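Written below as structure tokens is the structure these notes are about.
Below, chains carry the letters A, B, ... as their sequence lines are ordered, and counting in each starts from 1. This one's a predicted model, so the numbers in the text were calculated from it and none came from an experiment.
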Amino acid sequence: MPELPEVETTRRGIEPLIQGKTVTAVAVREKRLRWPVSPQLERLVGAQIVAVRRRAKYLLLDSERGSAIIHLGMSGSLRVVAIGIAPQRHDHVDIAFENGTCLRLRDPRRFGAVLWSRDPLQHKLLRSLGPEPFDPLFDGVYLHARARGRKIAVKSLLMDSRVVVGVGNIYASEALHAAGIHPRRPAGRISRPRYQRLSDAVREILARAIGFGGTTLRDFSNAQGKPGYFRHELAVYDRAGQPCPNCGSAIRQETIGQRSTYYCSRCQR
DNA sequence: ATGGTCCCCTGACCGC
DNA sequence: TGCGGTCAGGGGACCA
């Protein structure tokens, strides 16, 4: 489900509601997520949430004792609700606060994760990640260098979190369309100026999507339980057979790297 | 190192 | 209305 815009939308939604709050209890109703929910999460009890950060698609709840690392996987969402609200099916974890609210993780498919680290950026899952798309380092020169000699489809390169983080299946298709690059083109056979277009497009699409509160295809919802509205702005994703907004030819759907890919064969070469 | 495949899990949807 | 098949926004593990 959530790519960078959805995770950032979630971060912005929960930050003002939990930053500075002291945790009074942690409840884990289902610990079998992608990995078992860390028992260390209990360390939050009595501690204050000093910051809510995002790195790639991970949310970091920082306390003086360490950080909870939360990943939403494909179907996860976080809401802040009153403690009295009864948990529904798939509401696996609650973090309760002194003011009578709690942060509640729902994740039907259980591909998400709740881990613990004293130094989250050095955690095994985070330490080898590539730059954030909004990092000035992420530009055409960088992408061109990382692609040198690579034969994989450019779409797969764009979705490789060691190269750049946060670009998932929806926004990879969208950015390649905006940049006029065919998703199957071998990564090593794209010029530096075209990679500059691509890095610009990635940033622009992600920023616009954040502005719309993310994309809700099926079940994404923000901290208030509301959907995101970028779905109506998608040019190609989930639009097989419909006209390309640029040129009107039919949008094609193919599988690349086990993932559905959408593109316009006329605009993208 | 690189590229390709498999799979974790539940729910929605589609055709019969 | 029920049933089986297919697909889904992530990404680690494993293979050649």
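- Side-chain contact annotation: A:Asp139 with A:Ser199, donor-acceptor N/O pair under 3.5 Å absent.
- Distance, A:Asp91 CG to B:dT10 P: 15 Å, rounded to whole Å.
- Whole-Å rounding puts the A:Asp107 CG to B:dC9 C1' distance at 9 Å.
- Applying the 4.0 Å criterion to OP1 and OP2 of C:dC7, one finds that A:Ser260 has every side-chain N and O outside that range.
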Task: Nucleotide pairing, DNA chain B (Watson-Crick or G-U, distances under 3.5 Å), in dot-bracket with [ ] and | - done: .|||||||.|||||||
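- A:Asn222 and A:Thr9 are not linked by any side-chain donor-acceptor pair at a separation below 3.5 angstrom, with hydrogens and angles left out of the test.
- Taking atom CD on A:Glu3 and atom C1' on C:dA8, their separation rounds to 12 Å, with Å as the unit.
- Taking atom CG on A:Leu234 and atom P on C:dG9, their separation rounds to 12 Å, with Å as the unit.
- Between A:Phe111 and A:Arg162, the residue anchored closer to the 5' end of DNA chain B is A:Arg162, taking for each the nucleotide with the nearest heavy atom.
- Between the side chains of A:Gln253 and A:Tyr262, at least one donor N or O lies within less than 3.5 Å of an accepting N or O.
- A sub-4.0 Å separation between OP1 or OP2 of B:dG11 and a side-chain N or O of A:His90 is present.
- Across the P atoms, B:dC6 and C:dT6 are found 15 Å apart, a figure rounded to whole Å.
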Open item on the list: Quick one, A:Ile210 with A:Arg12, criterion side-chain contact (heavy atoms from CB on, under 4.5 Å). Give me CA distance, side-chain angles, the key distance, then yes/no.
Closed with: CA-CA 10 Å; A:Ile210 292 169; A:Arg12 292 180 185 187; 3.3 Å; yes
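- Between A:His71 and A:Tyr58, the angle of the ring planes goes over 60°, which puts this pair in the perpendicular group of the 30/60° scheme.
- In the set B:dT2, C:dG9, B:dG11, B:dT2 carries the atom at the smallest distance from any side-chain atom of A:Arg150.
- Taking 4.0 angstrom as the limit, A:Arg110 places a side-chain polar atom (N or O) nearer than this to OP1 or OP2 of B:dT10.
- Judged purely by atom type and a 3.5 angstrom limit, A:Arg54 uses its side chain to pair as donor or acceptor with the backbone of A:Ala56.
- The pair A:Arg29-A:Asp94 meets the salt-bridge criterion, since a charged nitrogen lies less than 4.0 angstrom from a carboxylate oxygen.
- Note: CD1 (A:Ile69) to P (C:dG10) measures 19 Å, nearest angstrom.
- Considering only side-chain N and O atoms, A:Tyr171 lies nowhere under 4.0 angstrom from the phosphate OP1 or OP2 of C:dG9.
- Annotation: A:Tyr263 is in aromatic contact with A:His182 [ring centroid separation under 6.0 Å].
- In this pair, A:His92 and A:His90 present their aromatic rings perpendicular. The plane angle is above 60°, beyond the 30 to 60° band.
- In terms of position along DNA chain B, the nucleotide closest to A:Arg148 lies nearer the 5' end than the nucleotide closest to the other residue of the pair A:Arg218 and A:Arg148.
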TODO: Mark up nucleotides 11-16 of chain C, 5' to 3', with B wherever a protein heavy atom is under 4.0 angstrom from a base atom, S wherever such an atom reaches only the sugar-phosphate, and - elsewhere.
DONE: BB----
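- Nucleotide B:dC13 holds its P atom 12 Å from the CG atom of A:Asp238, rounded to whole Å.
- Between B:dC9 and C:dC14, the two P atoms lie 16 Å apart (nearest whole Å).
- For the residue pair A:Thr215/A:Tyr171, the side-chain donor-acceptor check at 3.5 Å is satisfied.
- Backbone-only engagement by A:Arg89 is indicated by non-hydrogen atom pairs under 4.0 Å involving sugar-phosphate atoms exclusively.
- What separates CD1 of A:Ile70 from C1' of C:dG10 is a distance of 16 Å, to the nearest Å.
- Using a 4.0 Å heavy-atom criterion, one finds that A:Ile152 contacts the sugar-phosphate atoms exclusively.
- Protein atom CD of A:Glu174 is 13 Å distant from nucleotide atom P of C:dG9, rounded to whole Å.
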